[in-house]
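Within every chain, numbering begins at 1; the chains are lettered A, B, ... in the order of the sequence lines, protein sequences first and strands thereafter. Everything numeric in this text was worked out from a predicted model, so none of it was measured.
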Amino acid sequence: MLELNYIREHTAEVAERLAVKNIDATEALQSIIELDTKRRETQKELDDNLAQSNNIAREVGNLMKAGKASDASELKNRVAELKVIAKELAEKLDFIVAEQTQLLIQLPNVPHASVPKGKTAEDNQIVHSEGRMPELPAGSVPHWDLAVNYDIIDFELGNKVTGAGFPFYKGKGARLQRALINFFLDEGIKAGYTEIQPPLVVNEASGYGTGQLPDKDGQMYFCQIDRLYLIPTAEVPVTNIYRDVILKASQFPVKNVAYSNCFRREAGSYGKDVRGLNRLHQFDKVEIVQIQHPDHSYETLEEMREHVASLLRKLELPFRIVKLCGGDMSFTSALTYDFEVWSAAQQKWLEVSSVSNFESFQANRMKLRFKDEAGKTRLCHTLNGSALALPRIVAALLENNQTANGIRIPAALATYTGFDLLT
RNA sequence: GGAGAGAUGGCCGAGUGGUCUAAGGCGCACGCCUGGAAAGUGUGUAUACGCCAAAAGCGUAUCAUGGGUUCGAAUCCCAUUCUCUCCGCCA
């Protein structure tokens with residue numbers, strides 16, 4: 001949620017920057033500001049009314065104590081009158097605030113000044129490329145075939161037991177999953193992150209805190225009877241640790257790394273993009289989250305970007321980094337780098353990580369603040385990134401490293417799998 | 001799931017209808033004292049919104065959350081959430 005004061009003081013600028021995300025917010029912003037004026041007027045009236053009531057109640061108390069109860073009845077009536085007005089004002093205020101919040105909560109984050117204009121992924125900026133795209137031997141196949149040939153991932157079984165998008169990992173496939181999770185976590189810990197094991201379901205307040213609600217309501221699995229959501233990413237429980245928290249400036253940067261299953265309904269997805277591991281309803285991901293002083297969040301974004309790059313380097317995967325254009329960015333982000341690995345058999349780039357700075361957008365929703373040097377309470381900046389999401393990494397590892405003798409496992413990972421050739 | 005008890009400021013804890021912007025203690029910050037430190041001592045110590053050009057100041061709200069009773073609620077009533085104890089079930 002954007003900060004109200006900022007909107008009030010930089011209305012034109014906010015509208016301009018939201019236009020980069022292809023959002024015409026002029027009308028919404030206008031309404032928000034009009035509502036804000038009304039809100040303040042109404043609150044002033046209400047506060048004054050309540051102040052009068054409080055004063056009279058105090059007088060009544062004094063009269064009672066002085067034994068002049070009869071003198072108080074006039075005053076009691078006066079408060080009764082004030083109360084009628086107060087009730088109306090309170091209802092009016094609630095209504096205005098609800099309307100304003102509704103508008104505010106639907107407004108996306110403004111993109112950073114460096115974000116390129118654009119509508120779709122086509123307009124994203126490639127900012128870095130690295131690694132060699134392998135020439136695959138004749139007879140090479142995509143990972144969904146390798147999964148069957150080596151009996152390591154069973155999609156059919158997933159269909160039977162649960163449904164599409166919930167595969168079983170078996171034998172060395174399961175071992176490979178576990179190896180990747182441990183590798184990613186260990187690398188995170190080495191980089192100074194504290195490991196967290198979060199709950200896999202969250203309540204409504206947490207969904208709002210990180211911005212999944214109300215924007216992505218239909219994309220999360222929902223457990224009706226307990227009103228809990230299955231997490232689409234560990235970002236949600238981990239960032240919400242800091243909901244309603246006031247940090248000390250000395251605690252920056254807060255660095256957490258968490259492995260979790262992620263659940264996504266992916267409503268509306270179809271076609272060949274969902275083949276094999278390309279898009280699943282349940283998948284594994286290690287997520288890094290940082291909370292930082294507003295003055296340093298962009299340095300932190302670069303640091304996180306470098307961390308993710310180092311992981312891909314160690315996995316010997318060719319990758320590129322793209323800076324997302326306004327139209328392709330998420331609702332909550334101010335600046336996002338996507339990481340894509342080259343999937344040699346599919347002959348395409350697969351997104352494996354998204355590293356974002358949310359500035360104060362999430363912090364404002366969550367009331368995540370800190371005391372600055374002057375003792376003033378201010379909003380923190382939050383950042384997160386996948387480091388990394390497993391399925392597409394597995395797809396690329398299997399495809400890129402297939403040989404006549406088996407699938408080669410990169411050295412950094414072989415320590416964890418216990419084998420350097422998957423046969 | 002059943003029965004009972006409870007939820008107060010960063011923490012502990014007092015407070016069962018009016019002076020509660022909540023006693024007392026701990027912690028923390030700053031000062032005094034000291035050669036320095038400890039001890040001692042003094043002062044301060046929440047959040048949000050609003051009024052104000054701004055600071056100071058003032059107003060309103062907040063004692064788990066949401067309603068209600070009352071001129072007046074931390075205190076009484078109702079609902080919800082959470083915690084603890086006992087019983088049941090159970091990885």
message: Partner lookup for B/rU69, please. Criteria are Watson-Crick or G-U wobble with both distances under 3.5 angstrom; report none if nothing qualifies.
response: none

task: With C1' as the reference atom in both, quote the distance from B/rU45 to B/rC11 in angstrom, rounded to an integer.
output: 14 Å

- prompt: If you check the A/Ala57 side chain, which of B/rG72, B/rA48, B/rC51 turns out closest?
  reply: B/rG72

query: How would you label the contact of A/Ile246 with the nucleic acid (heavy atoms, under 4.0 Å): base, sugar-phosphate, or nothing?
result: sugar-phosphate

statement: Any strand, both distances under 3.5 Å, Watson-Crick or G-U wobble: B/rA53 pairs with none

task: Determine the Euclidean distance between corresponding P atoms of B/rU62 and B/rA73; express it in Å to zero decimal places.
output: 9 Å

query: Say you pick atom C1' in B/rC63 and the same atom in B/rG15; how far apart are they, in whole Å?
result: 11 Å

field: Distance below 4.0 Å between A/Lys83 side-chain N/O and B/rG72 OP1 or OP2
entry: yes

- request: Please check if any side-chain donor atom of A/Asn240 sits under 3.5 Å from a side-chain acceptor atom of A/Arg243, or the reverse.
  value: yes

task: Please tell me which of A/Lys367 and A/Ala80 maps to the more 5' nucleotide of RNA chain B, matching each residue to the nucleotide holding its nearest heavy atom.
output: A/Lys367

- request: Would you kindly say whether A/Gln292 and A/Glu303 are connected by a side-chain donor-acceptor distance under 3.5 Å?
  value: no

- prompt: Would one find a side-chain N or O of A/Arg369 under 4.0 angstrom from OP1 or OP2 of B/rA48?
  reply: yes

field: Complementary nucleotide of B/rU19, counting Watson-Crick and G-U pairs under 3.5 Å
entry: none

query: OP1 or OP2 of B/rU47 less than 4.0 angstrom from a side-chain nitrogen or oxygen of A/Thr377, does that happen here?
result: yes

field: Options B/rC71, B/rU60, B/rC49, nucleotide nearest the side-chain atoms of A/Leu50
entry: B/rU60

message: With a 3.5 Å limit on both atom pairs, tell me what B/rU34 is paired to, counting Watson-Crick and G-U wobble, or say none.
response: none

field: Distance between C1' atoms of B/rA14 and B/rA23 (Å, rounded)
entry: 6 Å

message: If you only use heavy atoms from C-beta on, which nucleotide in B/rC71, B/rU60, B/rG50 is closest to the side chain of A/Ala51?
response: B/rU60

message: Looking only at side-chain N and O atoms, does A/Tyr242 offer a donor or acceptor that is under 3.5 Å from a partner on A/Asn256?
response: yes

task: Would you indicate which nucleotide in B/rU47, B/rG59, B/rC71 comes nearest to any side-chain atom of A/Lys371?
output: B/rU47

- request: Take atom P in B/rU16 and the same atom in B/rU70, then report the distance between them in whole Å.
  value: 23 Å

task: Provide the Watson-Crick or G-U wobble partner of B/rA5, both distances under 3.5 Å; none if there is no partner.
output: B/rU83

message: Could you check whether A/Glu187 and A/Tyr193, counting side-chain N and O atoms only, form a donor-acceptor pair closer than 3.5 Å?
response: no

message: Rounding to an integer number of angstrom, what distance separates B/rU21 and B/rC78 when you compare their C1' atoms?
response: 29 Å

message: If you only use heavy atoms from C-beta on, which nucleotide in B/rA61, B/rA48, B/rG50 is closest to the side chain of A/Arg39?
response: B/rG50

- request: Between B/rG4 and B/rA79, how far apart are the P atoms? Round to whole Å, please.
  value: 13 Å

task: Could you tell me which nucleotide pairs with B/rU45 by Watson-Crick or G-U wobble geometry, both distances under 3.5 Å, or answer none if nothing does?
output: B/rG27

- line: Assert: residue with more 5' nearest nucleotide on RNA chain B, out of A/Asn55 and A/Val60, is A/Asn55

message: Tell me whether the side-chain N/O atoms of A/Asn54 come closer than 4.0 Å to OP1 or OP2 in B/rA61.
response: yes

field: Base partner of B/rC90, which must satisfy Watson-Crick or wobble distances under 3.5 Å
entry: none

message: Taking the P atom in each of B/rA46 and B/rG9, what is the distance between them to the nearest angstrom?
response: 14 Å

- request: Could you check which nucleotide pairs with B/rC63 in any of the strands shown, counting Watson-Crick or G-U wobble with both distances under 3.5 Å?
  value: none

query: Heavy-atom count around A/Glu302 CD within 6.0 Å, excluding the residue itself: above 12?
result: yes

task: For B/rC51, take OP1 and OP2 only and decide whether either is under 4.0 Å from a side-chain N or O of A/Arg40.
output: yes

